[in-house]
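Below is one structure, written out as structure tokens; the observations come after it.
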Amino acid sequence: MPRLFTGLEIPADVGFALSLKRGGLAGARWIDAENYHITLRFIGDVDHQTANEVADSLDRLSNSLRFSVRLTHLGSFGGDKPRALYAGAEASEQLSRLQAAQERVLQRAGLPPEGRKFVPHVSLARLRGSSAEEVARFMAEAGRFEPLSFPVGRFVLFSSKDSVGGGPYVVEQSYPLAA
């Protein structure tokens, strides 16, 4: 059974710039730059028939328009017990619209609704045993986050093996966006 999710790929130059943030945080398991992405919709472990239905359903979204993403800040998930360090994306109507459209077609294909609020981000590290103070200090010492922008010409259906976070991810299908 494949584990699937939809997302946006991160261009190599943006991935390289993000990878320069690596290091200096105890308890961080850094994600390889080639596995950076923005998750649009986690689908989970599904059988092959459902995987095919998902892939077909997503085809309907190719009329979505191209747009740009701008990464603007570092953040963390987990509050007092941080579990991930990320680069956050600026709010964008086009990005939100694409994510919401995917949510609708995937629910129509029989998947349960996504329980978490959509927070567009690129995970940089999984954290284990890092305190909130250590993470805050790391973000403060990382200096000013120079915004990184890139054009989005497609979204993809990724698969992953059930592993300890961070890939490897395989592009199963890509869906070009309209110009």
* Structure fact -> Heavy-atom nearest pair, G79 first then A132, reads O-CB, 3.7 Å
* **Minimal non-hydrogen separation, R66 against G153, with atom names** => CG-CA, 4.1 Å
* With a 4.5 Å heavy-atom cut-off, do T72 and E146 have their side chains touching? -> no
* For S130 and P82, work out which heavy atoms get closest and say how close. => O-CD, 3.4 Å
* Qualifying residue for salt bridge (Lys or Arg N to Asp or Glu O under 4.0 Å) with E103, from R97, R116, R41 -> R41
* Asked: Are T6 and Y175 side-chain neighbours, meaning at least one heavy-atom pair lies under 4.5 Å?
  -> no
* Asked: Does D47 reach the main-chain N or O of T50 with its side chain, forming a donor-acceptor pair under 3.5 Å?
  -> yes
* Asked: Would you say S96's side chain and E93's backbone share a donor-acceptor pair under 3.5 angstrom?
  -> no
* Structure fact -> Result for side-chain contact (heavy atoms from CB on, under 4.5 Å) between V46 and one of L4, V54, N52 points to L4
* Mind checking whether L58 and L106 have side chains closer than 4.5 Å, heavy atoms only? -> yes
* **Trace of the side-chain contact (heavy atoms from CB on, under 4.5 Å) decision for M139 with L85** => CA-CA 9 Å; M139 289 190 294; L85 177 73; 4.0 Å; yes
* Asked: Roughly how far, to the nearest 0.5 Å, is the CG atom of L74 from the NZ atom of K21?
  -> 5.5 Å
* Asked: Rounded to the nearest 0.5 Å, how far does CD of E172 lie from CZ of F5?
  -> 10.5 Å
* **Test item: Q99 and F155 side chains (from C-beta on) under 4.5 Å apart, heavy atoms** => no
* Structure fact -> Heavy atoms of P168 and N35 approach each other most closely as CA-OD1, 3.7 Å
* side-chain contact (heavy atoms from CB on, under 4.5 Å) between F42 and R3, intermediate numbers included -> CA-CA 9 Å; F42 181 73; R3 172 170 286 180; 4.2 Å; yes
* **From CZ (R154) to OG (S64), nearest 0.5 Å** => 15.0 Å
* Structure fact -> d(L111 CG, S57 OG) to nearest 0.5 Å is 8.5 Å
* **Minimal non-hydrogen separation, L65 against L177, with atom names** => O-CD1, 3.9 Å
* Evaluate the side-chain proximity of I31 to R126: yes if any heavy-atom separation is below 4.5 Å, no if none is. => yes
* V171 vs E9 side-chain heavy atoms within contact, under 4.5 Å -> yes
* Same hydrophobic cluster for Y86 and L127, using side-chain heavy-atom links shorter than 4.5 Å among ILVMFWY? -> no
* Pair R137 + E133, salt bridge at N-O below 4.0 Å -> no
* Side-chain H-bond candidate by donor/acceptor type, T39 with H37, under 3.5 Å -> yes
* Within-4.5 Å side-chain heavy-atom neighbours: L40 and L95 -> yes
* **Non-hydrogen atoms of A87 and L18 that approach each other most closely** => CB-CD2, 3.7 Å
* Trace of the side-chain contact (heavy atoms from CB on, under 4.5 Å) decision for F158 with V170 -> CA-CA 5 Å; F158 286 107; V170 175; over 6 Å; no
* From Y36 atom OH to F16 atom CZ, the distance as rounded to the nearest 0.5 Å -> 10.5 Å
* Can you label the angle between the H121 ring and the F77 ring as parallel, tilted or perpendicular, going by 30° and 60°? => perpendicular
* Asked: Roughly how far, to the nearest 0.5 Å, is OG of S159 from CD of Q173?
  -> 11.5 Å
* More than 12 heavy atoms of other groups within 6.0 Å of D80 CG -> no
* 4.5 Å side-chain heavy-atom contact, I10 and F150 -> yes
